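Start at 1 and go down the list; that is how both ligands and their atoms are numbered. Residue numbers start at 1 and run along the sequence shown. The structure displayed is predicted, hence computed values, not measured ones.
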Amino acid sequence: MKIAVAKGDGIGPEIMDAVLSIFEANKVPLEYDVVEMGKWVFDKGFSNGMTPEAQQTIETLGILFKGPMETPKGKGVKSVNVTARKTWNTYANKRVFQTLHGVDTVFSKAGIPIDVTIVRENIEDTYGGIEHMLTHDVALSRRFITRPGSMQVIRYAFEMAKKKGARRITCGHKANIMKITDGLFLECFYEVAKEFPELKADDVIVDDLCMKLVTRPDLFDVVVLTNLQGDIVSDLCAGLVGGLGFAPSANIGDHICIFEAVHGTAPDIAGKNIANPTALLLSGLSMLRHLGFMENAAVIENALLYTLESGVHTGDFGDKSKPSVNTTEFAKAIIANFGKTPEHGAKQIFPNKPVTPTQYELEENPLIMSKEASGESIVGVDFFVEFAGQPNDVADKCLKVIGDKFKLITISNRGTQVWPKGSVFTNVVNQYRCRVESVNDAPIEQAAVAELYMKFQAEFKVCSLELLNMWDGKKAYSLAQGQ
Ligand code: NAI
């Protein structure tokens, strides 16, 4: 079986070579097609950080095992890591955080075992990177949460939790504040939960989740979150088990999967052969299990756990009074321990059941859609306008132009209502949102919105606008704070 390998930048080649040497010593039946991706590929002029041949190879083979990659700073280029996850729709990012004996943490010392899997949505949210300066003072980031995108990652999380034999699956969210976006994610969570009655499904607000994770991490099993919250919470969990050197990551999609460590290129220690390869090795083991190499994965993992228990360590962890080993020596110690079983957390050895990744030749972009909209009408519009002045002056200008088909409902600044009611203590910036709705919520055509736009642009610079939709008699938009 052949997979694509990208060694990465900084410590990437050192830790990748160490991991591949362990695979080779264990006779893992894999062949590697090494592809060109990373900072040096940006430097060669490929603006997405990978050569067309690399993209073709990865799309043909379906599995990418990658080292960390650097994003060149200040050249307007996007992270190749994020591009890869998004381009190939690896919608679920699975990160497993487990107590590793030999890696001391406050929890291991207190005898509190940790085994938490974070599943983070990997495509949407603010990671769309759709950002604009609306005025010189005001930046806007768009946060997309979609029903089909949420369903994909949540369904994966439930299926994985069931396979893992988890007792509990928790949705982390902030739906109390972001009622529509996080509200949609939470709604999808409970919709999928109905298909898995054997799992205890519950939800926790993300700030409370962080507090609970750092006090009683043993109470959690599988946690599923949106992209940004998942990113933050998973690094928090990495801290619970000993840091980024122990944080593996699998990016799962329907067609292509990417296995990598959570940490970056560690430029401060690159080229010294002292980096810790454990996180990449754990990511590689997750890849082996994904491909059905159960026996290889278990033997290597037991050897890794045995090595850690015996006190062998690289410079970034372990007993500082004992000398550390370098990356190559660490890999050799693991190889020397094949066949040994750790005292704690030994993995059961199951026979290999290789599954060749399906090779897809897609002709069109898959359109993921949950249901056709029904009973949908436009009932108004939010105009985002630039104006350096007082709320009443904005209102006067709006009222002058809106005519009798529309009414001015509210004006807000940074999401807080400042008209018709508000407080003089609210600081305002030079950008207002003016909400205009049709009289009696009568459905309107887009042409009416365009006419209104022409009138608004005579009074203001209109930075952007959003249509206000009504679905089945319900407002599909949030109210301004204080409205
Ligand atoms: P980093 O994770 O590279 O380093 C943070 C600290 O952790 C450093 O002190 C480093 O020496 C240490 N460290 C990280 N991995 C280690 C390992 N395996 N063994 C021992 N020590 C280790 O994070 P930083 O400095 O924020 O990012 C450096 C570069 O990596 C940036 O260009 C960033 O864009 C890129 N990056 C790439 C990622 C990826 O490819 N998935 C993920 C995160 C960052």
Go through ligand 1 atom by atom and flag the ones less than 4.0 Å from a non-hydrogen atom of Arg85.
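Atoms satisfying the 4.0 Å criterion: 41 (N).
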Using a strict cut-off of 4.0 Å, indicate which atoms of ligand 1 neighbour a heavy atom of Met69.
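Per the distance check, 35 (C), 36 (N), 37 (C), 39 (C), 40 (O).
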Look up [atom] and tell me if a protein heavy atom lies less than 4.0 Å from it?
atom	value
atom 39 (C) of ligand 1	yes
atom 33 (C) of ligand 1	no
atom 2 (O) of ligand 1	yes

Out of Asp268, Asn81, Val262, Ile11, whose heavy atom is nearest to atom 8 (C) of ligand 1?
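Ranked by closest heavy atom to atom 8 (C) of ligand 1, first place is Asp268.
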Regarding atom 22 (C) of ligand 1: of the candidates Thr314, Ile269, Thr71, Asn276, which has the closest heavy atom?
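Closest candidate by heavy-atom distance is Ile269.
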In this structure, which one of Arg120, Glu124, Arg143 forms a side chain to side chain donor-acceptor pair (under 3.5 Å) with Asn227?
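Of Arg120, Glu124, Arg143, side chain to side chain donor-acceptor pair (under 3.5 Å) with Asn227 is met by Arg120 alone.
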Return the set of residues passing side-chain contact (heavy atoms from CB on, under 4.5 Å) with Thr51 (not counting sequence neighbours), or none when no residue passes.
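If we apply the side-chain contact (heavy atoms from CB on, under 4.5 Å) test to Thr51, skipping adjacent residues, the hits are Glu36, Val41, Phe46, Glu53, Ala54.
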For ligand 1, which part of Pro267 has a heavy atom less than 4.0 Å away: the side chain, the backbone, both, or neither?
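Under 4.0 Å from ligand 1, Pro267 contributes side-chain atoms alone.
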Any N or O on Gly245 sitting closer than 3.5 Å to an N or O of ligand 1?
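No: no nitrogen or oxygen of Gly245 is under 3.5 Å from one in ligand 1.
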Within the structure provided, determine whether Asp254 and Gln152 are in side-chain contact (heavy-atom separation under 4.5 Å).
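Yes, close enough: below the 4.5 Å cut-off.
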With sequence neighbours left out, write down each residue that passes salt bridge (Lys or Arg N to Asp or Glu O under 4.0 Å) with Glu295, or none if nothing qualifies.
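Once residues adjacent in sequence are excluded, Glu295 has no partner under the salt bridge (Lys or Arg N to Asp or Glu O under 4.0 Å) criterion.
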Are Lys66 and ligand 1 in contact, using a heavy-atom cut-off of under 4.0 Å?
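A heavy atom of Lys66 does come that close to ligand 1.
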